[in-house]
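Report on the following structure.
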Amino acid sequence: MSTRHINPEGLHRSPAFSQAVVVEQPAKTIYISGQNGVGADGKVVGPTVGEQSRQAFRNLAAILESEGASLANIVHWRIAVVDGHTFEEGVAAFQEVWNRADPPPAITVHVVAGLGRGFLVEIDAVAVV
């Protein structure tokens, strides 16, 4: 498998995300459903974006590990945050789990009206192994 992280001249270059990721050859691709801050018992882990983001990242890591992959294999995150909540805590949680030596994935963040059941954040991802 070969991936290239694209940050063309003339576009903002951020250490937090790549503008695009190109998969060069056929590879195993894992499409991960939206993960919330829910523990194995099915309950929301806490009332903050930070707590829920950390759990969502743990859930994503567990899914990837079950397929012999890791967070480093993620090429795209899509993150939804409930309106009225800042995502700074979510960014801090991302920085806790992401190895800064790895090129950052492409990221899309949406502010949404609601997610239901006390959820403040939902993160889905695409990984290439």
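Computed over heavy atoms, backbone and side chain alike; hydrogens, waters and symmetry mates excluded.
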TODO: Please answer: with hydrophobic residues joined when any side-chain heavy atoms are less than 4.5 Å apart, are Val91 and Ile123 in the same cluster?
DONE: yes

Task: Heavy-atom closest contact (Asp41 atom, Lys43 atom, distance) - done: OD1-N, 2.9 Å

Open item on the list: Looking at every heavy atom in both Glu122 and Gly34, which two are closest together, and how far apart are they?
Closed with: CG-CA, 3.6 Å

Task: Nearest heavy-atom neighbours spanning Gly114 and Val82 - done: CA-CG2, 4.1 Å

Task: Any donor-acceptor pair under 3.5 Å from Thr29 side chain to Val128 backbone - done: no

TODO: Test side-chain contact (heavy atoms from CB on, under 4.5 Å) on Phe87 and Phe94 and set out the steps.
DONE: CA-CA 10 Å; Phe87 194 61; Phe94 172 76; over 6 Å; no

- [ ] For Asn59 and Ile32, run side-chain contact (heavy atoms from CB on, under 4.5 Å): C-alpha distance rounded to whole Å, both residues' side-chain angles, the deciding distance at 0.1 Å, then the answer.
- [x] CA-CA 10 Å; Asn59 295 348; Ile32 303 171; over 6 Å; no

- [ ] Give the minimum heavy-atom separation between Pro105 and Ile74, together with the two atoms involved.
- [x] CB-O, 3.6 Å

Task: Shortest non-hydrogen separation from Ser53 to Gly90 and the atoms involved - done: OG-CA, 3.5 Å

Open item on the list: If hydrophobic clusters are built from ILVMFWY residues whose side chains come within less than 4.5 Å, do Trp77 and Ile63 share one?
Closed with: yes

Task: hydrophobic_cluster_shared for Trp98 and Leu60, side chain cutoff 4.5 Å - done: yes

- [ ] Give a yes or no on whether Leu64 and Val97 share a hydrophobic cluster (residues Ile, Leu, Val, Met, Phe, Trp, Tyr; joining criterion: side-chain heavy atoms under 4.5 Å apart).
- [x] yes

Open item on the list: Between Thr48 and His85, does the side-chain hydrogen bond (donor to acceptor under 3.5 Å, both in side chains) criterion hold? Intermediate values first, please.
Closed with: CA-CA 9 Å; Thr48 69; His85 296 272; over 6 Å; no

Task: Any donor-acceptor N/O pair, Asn36 side chain to Gln52 backbone, under 3.5 Å - done: no

Task: Hphob cluster co-occupancy, Phe119 + Val112, side-chain heavy atoms under 4.5 angstrom - done: yes

Open item on the list: side-chain contact (heavy atoms from CB on, under 4.5 Å) for Val121 and Ile79? Distances and angles first, verdict last.
Closed with: CA-CA 7 Å; Val121 65; Ile79 302 167; 4.0 Å; yes

Task: Nearest non-hydrogen partners of Asn7 and Ser18, listed with the distance - done: OD1-CA, 3.6 Å

TODO: Supply the atom-to-atom distance Arg54 CZ to Glu51 CD, rounded to the nearest 0.5 angstrom.
DONE: 6.5 Å

Open item on the list: I'd like to know if the side chain of Gln35 reaches the main chain of Ser33, judged simply by a donor and an acceptor atom lying under 3.5 Å from each other, with no hydrogens or angles considered.
Closed with: yes

Open item on the list: Within a 6.0 Å radius of atom CZ on Arg78, are there more than 12 heavy atoms belonging to other residues, nucleotides or ligands?
Closed with: no

